[in-house]
Structure formats: C-alpha cells, structure tokens
Amino acid sequence: MFVLVTGGSGFIGSHTCVELLNQGYDVVVVDNLCNSSVEVFQRIECITGKSVFFHQVDLLNKESLARVFETYSIQAVIHFAGLKAVGESTQIPLNYYHNNLTGTLNLLDVMAQNKVFDLVFSSSATVYGENNPIPYVEHFPLGSTSPYGRTKVMIEQFLKDAYASDNRWNVSVLRYFNPVGAHPSGLIGEDPNGIPNNLMPFITQVAVGKREKLNVFGGDYPTPDGTGIRDYIHVVDLALGHIKALEKLASQTEKSIDAYNLGAGVGYSVLDVVKAFEKASDQKIPYDIMPRRAGDIAEFYANAEKALSELGWQVSLSLEDMCRDAWNWQSNNPDGYASKLK
Ligand SMILES: NC(=O)c1ccc[n+]([C@@H]2O[C@H](COP(=O)([O-])OP(=O)(O)OC[C@H]3O[C@@H](n4cnc5c(N)ncnc54)[C@H](O)[C@@H]3O)[C@@H](O)[C@H]2O)c1
Ligand SMILES: O=c1ccn([C@@H]2O[C@H](COP(=O)(O)OP(=O)(O)O[C@H]3O[C@H](CO)[C@@H](O)[C@H](O)[C@H]3O)[C@@H](O)[C@H]2O)c(=O)[nH]1
C-alpha cells in the first residue's frame with residue numbers, strides 16, 4: 001500500500017517514514033526541503049534497510065504534485081508539510097498563510113481528483129488557544145494566538161467542510177503536544193536552522209557546546225517551580241500514533257473526521273526537563289531565568305483518553321527516554337545532518 005507523506009524529510013515526518021517502512025508500507029515522500037535535508041533518506045535506509053520514493057515537490061506547485069499521484073497508486077496521505085515557527089509566523093504571516101493554506105488546498109484538490117480520501121493531518125495543541133481549561137479535551141472550542149496557529153485552526157475547518165460536503169473524505173486530525181527526542185539509533189533527529197526556538201534542541205545545543213547557556217523564559221508563572229509546563233511526547237511515540245490513525249481510517253466502513261490529542265497527558269516544567277536532561281546526558285546545563293516569552297502560556301497538557309479508546313494508542317516512552325535519545329542524536333551529530341554519518 002502506497003502512503004504519500006508530505007513533509008516526510010522533516011523532524012516528525014522522517015520518524016514516521018521509519019515506522020511506516022517497518023510496518024511494510026510503501027512510502028512516497030514529497031518535500032520542498034525548505035526546512036530539511038535530503039541526507040535524511042540515507043539514514044532512514046540505514047535504520048530500516050528500505051528506501052522511500054522521494055520527490056522534491058513544493059505543494060504550491062500543483063502540477064508537480066499531480067504528477068506524483070499519476071506515478072503511484074496512492075491510497076492514503078499523511079500531511080506534515082508546512083511552516084511551523086510561531087515567532088516567525090508573526091513576522092511573515094502572509095508567507096505562512098500562503099504556504100500552509102494554499103499548499104493544503106492544492107493537496108486536497110489533487111487528492112480528490114485522484115479519488116484519494118484517507119488523510120492524516122498534523123495539527124497542534126496550539127489550536128486550543130489560551131482560554132481553555134487544562135487538560136485540553138478534543139471538543140473544546142478552537143482559536144489561536146499566532147498566524148501559525150491560525151493556519152492549523154483554518155485547515156481543521158477546511159477538512160470539516162470538505163467532509164460535510166462529501167463524506168468520502170476520511171480524516172484523522174492529530175493534535176500534537178510537544179514532540180521531542182529522536183530515533184534511538186541516533187541517526188535521525190531534530191535539526192533546526194539557526195538558533196532553536198524550542199526548548200529541547202536548545203538544551204542539546206548547550207550540552208554539545210554550541211550555545212553558552214539556556215534562557216528559561218519566565219520564572220514567575222503560577223506553577224510549582226515558576227517555569228512553564230508542557231506535555232512532552234517522544235517523537236517515536238508520535239510517529240506510531242500516525243500508524244494507528246492510518247489503520248483506523250483503512251478499517252472503518254463509515255467514513256469520518258475525528259480529532260485526537262497526541263500527548264502523554266502529563267505536564268513537566270522547563271526545570272524538570274533541564275534536570276531530566278542533565279541526568280540522562282551527564283552534562284551540566286547552565287541557565288538564566290529570563291522574562292516571559294511573548295505569547296507563552298503557563299501550562300498545558302493533553303487529555304489523551306480519546307486516542308487510547310479510539311485509536312488504541314498511548315505513549316510508552318518517558319521523559320528520560322526523550323532526553324537520552326535527544327542527547328544521543330545531538331552528541332553523534334553536533335551539526336545535525338551536516339555531520340558525517342558515523
Ligand atoms: N514540531 C513541533 O513542535 C510540532 C508541534 C505541533 C504540530 N507540528 C506540525 O507537524 C508538522 C511537521 O512538523 P516538524 O516538526 O516535522 O517540522 P519540519 O519543519 O521538520 O517538517 C516540515 C517539512 O515540510 C516541508 N515543507 C514546508 N512547506 C512545504 C511546501 N510548501 N511544500 C513541500 N514541503 C514543504 C519542510 O521542508 C519540512 O521538511 C508541521 O505541520 C507542524 O506544523 C509540529
Ligand atoms: O529557549 C527556550 C525555549 C523554550 N522555553 C520554554 O519551554 C517551554 C516549551 O517551549 P517550546 O519548546 O518552544 O514549545 P511551545 O512553546 O510549547 O510550542 C511547541 O509546541 C506547541 C504545541 O504542540 C506547538 O504548537 C508549537 O509549534 C511548538 O513550537 C515553554 O515554557 C517555553 O517558554 C524556554 O524556557 N527556553
């Protein structure tokens with residue numbers, strides 16, 4: 001069975017490709033490589049002994065995308081491709097709307113033309129905005145505080161409207177909490193461009209000596225240690241959630257659109273993560289407590305019961321595993337994919 005993975009050379013996409021290949025799926029990847037490296041495919045092959053069919057395609061180029069659908073008998077799509085930096089999205093919002101919304105509309109159009117209706121979409125906990133109580137439950141009202149987040153809210157609405165108009169659409173919307181870690185092989189992982197925006201890659205770059213110290217954004221939140229609390233999820237657990245979602249789409253006779261939180265259902269503070277990382281890596285992480293980062297909220301985590309009851313999915317890896325694997329990746333690849341394969 002051919003599965004098309006958009007954005008399959010990125011952080012979460014590459015880990016999902018590994019799990020798809022391990023389960024025997026044939027994998028076709030389209031990615032424009034705007035935030036990833038083609039080097040990842042060699043590493044995926046080292047891990048799985050199998051290769052993906054890669055096409056360097058921008059979703060904004062509908063004709064190129066259509067040619068991929070003509071080449072393979074695609075049965076389902078996992079749609080990761082998109083721009084994802086919250087801060088950057090406030091600087092160049094129109095690029096975010098153009099890339100994420102137009103890219104998705106092109107994909108949906110080409111899928112429908114080829115009568116492919118099974119879709120797993122990468123959404124985010126950011127769609128719960130800032131006014132919902134925690135833990136977040138899937139039926140809560142949606143809204144977001146950044147242009148990036150609004151692209152996710154809007155795409156979720158596109159998908160609901162598409163299903164309402166034509167119930168051949170069969171869609172699983174996965175709302176990720178905070179994906180971190182790396183494949184335990186240390187061959188693939190997160191390779192951000194420039195200064196990392198996110199906590200774990202910043203910590204690993206401090207540990208490997210690329211950054212002097214961590215800035216902890218906010219020490220005065222109403223949380224036990226004053227730092228922000230998030231629901232961190234190992235990227236391999238997250239990748240496996242996509243397999244469960246695909247299996248459900250393929251097995252159900254009644255087509256549907258459903259949203260699922262993919263999180264652990266547990267919150268850890270920034271300082272919890274720092275301590276867990278220090279223990280797992282045996283490295284000291286110097287840090288300064290700084291003012292809060294604009295747009296951050298004190299605390300959120302998932303209610304992950306729906307994913308367990310309907311997809312049969314739950315996390316199996318701990319914060320310790322996330323830190324160990326993130327460190328294994330970073331220490332073996334100090335320059336990410338630009339590092340020589342050991
Ligand atoms: N990493 C997170 O913290 C997080 C959290 C919630 C949701 N998500 C979502 O999950 C998805 C994957 O995230 P990731 O962390 O793997 O990001 P990533 O940047 O590593 O991967 C996204 C991939 O999409 C590609 N891409 C972007 N625009 C494209 C276009 N127009 N055409 C073709 N390819 C394009 C990029 O080159 C990249 O390889 C994204 O949709 C992101 O918004 C990520
Ligand atoms: O250098 C840093 C980076 C982060 N933080 C803190 O660490 C926590 C986690 O931050 P980060 O890793 O940036 O994740 P979030 O801000 O929670 O956002 C991520 O997780 C969301 C939920 O999935 C996604 O929507 C976003 O795209 C993704 O960036 C927050 O309390 C931050 O203030 C620091 O203290 N220092």
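Numbering of ligands and ligand atoms starts at 1, following listing order.
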Participant: Under 3.5 Å, side chain of Lys306 to main-chain N/O of Ala259, donor-acceptor pair present?
Facilitator: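 The answer is yes, because a donor-acceptor pair under 3.5 Å joins these two groups.
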Participant: Is it true that Arg43 and Glu39 have a side-chain N and a carboxylate O under 4.0 angstrom from each other?
Facilitator: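 Yes.
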Participant: Minimum distance, heavy atoms only, to atom 29 (C) of ligand 1: which one of Asn32, Val86, Val127, Asn193 is it?
Facilitator: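 Answer by nearest heavy atom: Asn32.
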Participant: Measure the acute angle between the ring planes of Tyr128 and Phe140, then classify it against the limits of 30° and 60° as parallel, tilted or perpendicular.
Facilitator: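 Perpendicular.
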Participant: Check each of Ala125, Ser122, Gly82, Pro192 against atom 22 (C) of ligand 1 and report the one with the nearest heavy atom.
Facilitator: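 The option holding the nearest heavy atom is Gly82.
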Participant: Are the aromatic ring centres of Trp329 and Tyr337 under 6.0 angstrom apart?
Facilitator: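 For Trp329 and Tyr337, the ring centres are under 6.0 Å apart.
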Participant: Got an N/O contact under 3.5 Å between Phe11 and ligand 1?
Facilitator: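 Between Phe11 and ligand 1 (N or O atoms, distance only) the closest approach is under 3.5 Å.
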Participant: Any idea which part of Val270 is under 4.0 Å from ligand 2, heavy-atom wise: side chain, backbone, both or neither?
Facilitator: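 The part of Val270 near ligand 2 is the side chain, not the backbone.
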Participant: List ligand 2 atoms under 4.0 Å from Tyr176, heavy atoms only on the residue side.
Facilitator: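 The atoms of ligand 2 under 4.0 Å from a heavy atom of Tyr176 are 22 (C), 23 (O).
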Participant: Does any N/O atom on Ile12 come nearer than 3.5 Å to any N/O atom on ligand 1?
Facilitator: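 N/O-N/O distance below 3.5 Å exists for this pair.
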Participant: What do we get for Ile229 next to ligand 2 when only non-hydrogen atoms under 4.0 Å count, side chain, backbone, both or neither?
Facilitator: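 Under 4.0 Å from ligand 2, Ile229 contributes no heavy atoms.
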Participant: What part of Val57, side chain from CB on, backbone N/CA/C/O, both or neither, has a heavy atom under 4.0 Å from ligand 1?
Facilitator: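 Answer for Val57: backbone.
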Participant: When you measure from atom 21 (O) of ligand 1 to every protein heavy atom, which one gives the shortest distance, and what is it?
Facilitator: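 Ranking protein heavy atoms by distance from atom 21 (O) of ligand 1, first comes Gly10 CA, 3.5 Å.
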Participant: Hey, what's the ring geometry for Tyr96 with Tyr148, parallel, tilted or perpendicular (30° and 60° as the breaks)?
Facilitator: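 Taking Tyr148 first and then Tyr96, their aromatic rings stand perpendicular (interplane angle over 60°).
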Participant: Counting from 1, what ligand 1 atoms have a heavy atom of Gly7 closer than 4.0 Å?
Facilitator: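 Once the distances to Gly7 are compared, the set is 23 (C), 24 (O).
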Participant: Who gets closest to atom 41 (O) of ligand 1 by heavy atom: Phe80, Phe121, Tyr148?
Facilitator: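 Closest candidate by heavy-atom distance is Phe80.
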Participant: Below 4.0 angstrom from a heavy atom of Val216, which ligand 2 atoms are there? Numbered from 1 as shown, please.
Facilitator: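 With Val216 as reference, the close atoms of ligand 2 come out as 35 (O).
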Participant: Heavy atoms, side chains only, cut-off 4.5 Å: are Glu45 and Ile47 in contact?
Facilitator: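 No, their side chains stay 4.5 Å or more apart.
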Participant: Please could you name the atoms of ligand 2 that Gly228 approaches to less than 4.0 Å, counting only its heavy atoms?
Facilitator: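 So the answer, numbered in order with elements, is 31 (O).
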Participant: Can you tell me if Tyr232 contacts ligand 2 (heavy atom of the residue under 4.0 Å from the ligand)?
Facilitator: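 Right, Tyr232 reaches ligand 2.
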Participant: Given that the side chain starts at C-beta and the backbone is N, CA, C, O, which of these parts of Tyr128 lies under 4.0 Å from ligand 2, counting heavy atoms, or is it both or neither?
Facilitator: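 Neither; nothing of Tyr128 gets under 4.0 Å from ligand 2.
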Participant: Anything under 30° is parallel, anything over 60° is perpendicular, the rest tilted; go ahead and classify Tyr72 against His55.
Facilitator: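 Tyr72 and His55: perpendicular rings.
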Participant: So which of Ser124, Pro201, Ser89, Ser122 gets nearest to atom 25 (O) of ligand 2, if we judge by its closest heavy atom?
Facilitator: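 Among Ser124, Pro201, Ser89, Ser122, the closest heavy atom to atom 25 (O) of ligand 2 belongs to Ser124.
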Participant: What about Tyr176: any of its N or O atoms under 3.5 Å from an N or O on ligand 1?
Facilitator: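 In this structure, Tyr176 places no N or O atom under 3.5 Å from an N or O of ligand 1.
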Participant: Using side chain to side chain donor-acceptor pair (under 3.5 Å) as the criterion, list what pairs up with Lys275, not counting sequence neighbours.
Facilitator: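 Checked Lys275 against side chain to side chain donor-acceptor pair (under 3.5 Å); zero matches.
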Participant: May I ask whether Tyr148 places a heavy atom under 4.0 Å from ligand 2?
Facilitator: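 It does, in that a heavy atom of Tyr148 comes within the 4.0 Å cut-off of ligand 2.
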Participant: Does even one non-hydrogen atom of Pro179 get within less than 4.0 Å of ligand 1?
Facilitator: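 Contact check Pro179 vs ligand 1: positive.
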Participant: Taking the six-membered ring where the residue is Trp, are the ring centres of Tyr301 and Phe177 under 6.0 Å apart?
Facilitator: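 That pair fails the under 6.0 Å test.
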Participant: Number the atoms of ligand 2 from 1 as they appear, then name those within less than 4.0 Å of a heavy atom of Arg293, with their elements.
Facilitator: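 This gives 3 (C), 4 (C), 10 (O), 11 (P), 13 (O), 16 (O), 32 (C) as the contact atoms.
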Participant: Under a 4.0 Å heavy-atom limit, does Lys152 contact ligand 1 with its side chain, its backbone, both, or neither?
Facilitator: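 For Lys152, the contact with ligand 1 is made by the side chain alone.
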Participant: Would Met200 count as being in polar contact with ligand 2, using the rule that some N or O on each side must be under 3.5 angstrom apart?
Facilitator: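 Between Met200 and ligand 2 (N or O atoms, distance only) the closest approach is not under 3.5 Å.
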Participant: Where on Asp296 is there a heavy atom closer than 4.0 Å to ligand 2, on the side chain, on the backbone, on both, or on neither?
Facilitator: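 Only the side chain of Asp296 comes within reach of ligand 2.
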Participant: Kindly assign one of parallel, tilted or perpendicular to the pair His183 and His15, based on the angle between their ring planes and the thresholds 30° and 60°.
Facilitator: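 Tilted: the ring planes of His183 and His15 meet at 30° to 60°.
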Participant: Tell me if the CG atom of Asp282 is crowded by more than 12 foreign heavy atoms within 6.0 Å.
Facilitator: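 12 or below, so no.
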Participant: So, Thr48 side chain and Leu21 main chain: donor-acceptor pair closer than 3.5 Å or not?
Facilitator: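 No, because the side chain of Thr48 does not come within donor-acceptor range (under 3.5 Å) of the backbone of Leu21.
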Participant: Which is it for Phe217 and ligand 2 at heavy atoms under 4.0 Å: side chain, backbone, both or neither?
Facilitator: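 The answer is both.
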Participant: Using a plain distance cutoff, I'd like to know if Leu59 has any nitrogen or oxygen under 3.5 Å from a nitrogen or oxygen of ligand 1.
Facilitator: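 Between Leu59 and ligand 1, an N or O pair is found under 3.5 Å apart.
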Participant: Does any N or O of ligand 1 fall below 3.5 Å from an N or O anywhere on Cys34, backbone included?
Facilitator: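 Among all N and O atoms of Cys34, at least one is under 3.5 Å from an N or O of ligand 1.
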Participant: Name all residues meeting the side chain to side chain donor-acceptor pair (under 3.5 Å) criterion together with Glu305; count only those two or more places apart in sequence or in a different chain, and write none if there are none.
Facilitator: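 Partners of Glu305 under the side chain to side chain donor-acceptor pair (under 3.5 Å) test: none.
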Participant: Taking non-hydrogen atoms only, is Thr227 closer than 4.0 angstrom to ligand 2 via side chain, backbone, both or neither?
Facilitator: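 Neither part.
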Participant: Need the ligand 2 atom indices (1-based, order shown) with element for anything under 4.0 Å from a heavy-atom of Asn215.
Facilitator: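 This gives 1 (O), 2 (C), 34 (C), 35 (O), 36 (N) as the contact atoms.
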Participant: Angle between ring planes, Phe277 versus Trp327, binned at 30° and 60°: parallel, tilted or perpendicular?
Facilitator: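 Correct class here is perpendicular.
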Participant: Just to be sure I read this right, does ligand 1 sit under 4.0 Å from the backbone of Thr126, its side chain, both, or neither, counting only heavy atoms?
Facilitator: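 Near ligand 1, Thr126 shows nothing, with every heavy atom at 4.0 Å or more.
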Participant: What do we get for Asn99 next to ligand 1 when only non-hydrogen atoms under 4.0 Å count, side chain, backbone, both or neither?
Facilitator: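 Near ligand 1, Asn99 shows its side chain, while the N, CA, C and O stay back.
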Participant: Could you check whether atom NZ of Lys210 has more than 12 heavy atoms from other residues, nucleotides or ligands sitting under 6.0 Å from it?
Facilitator: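 Count over threshold, so yes.
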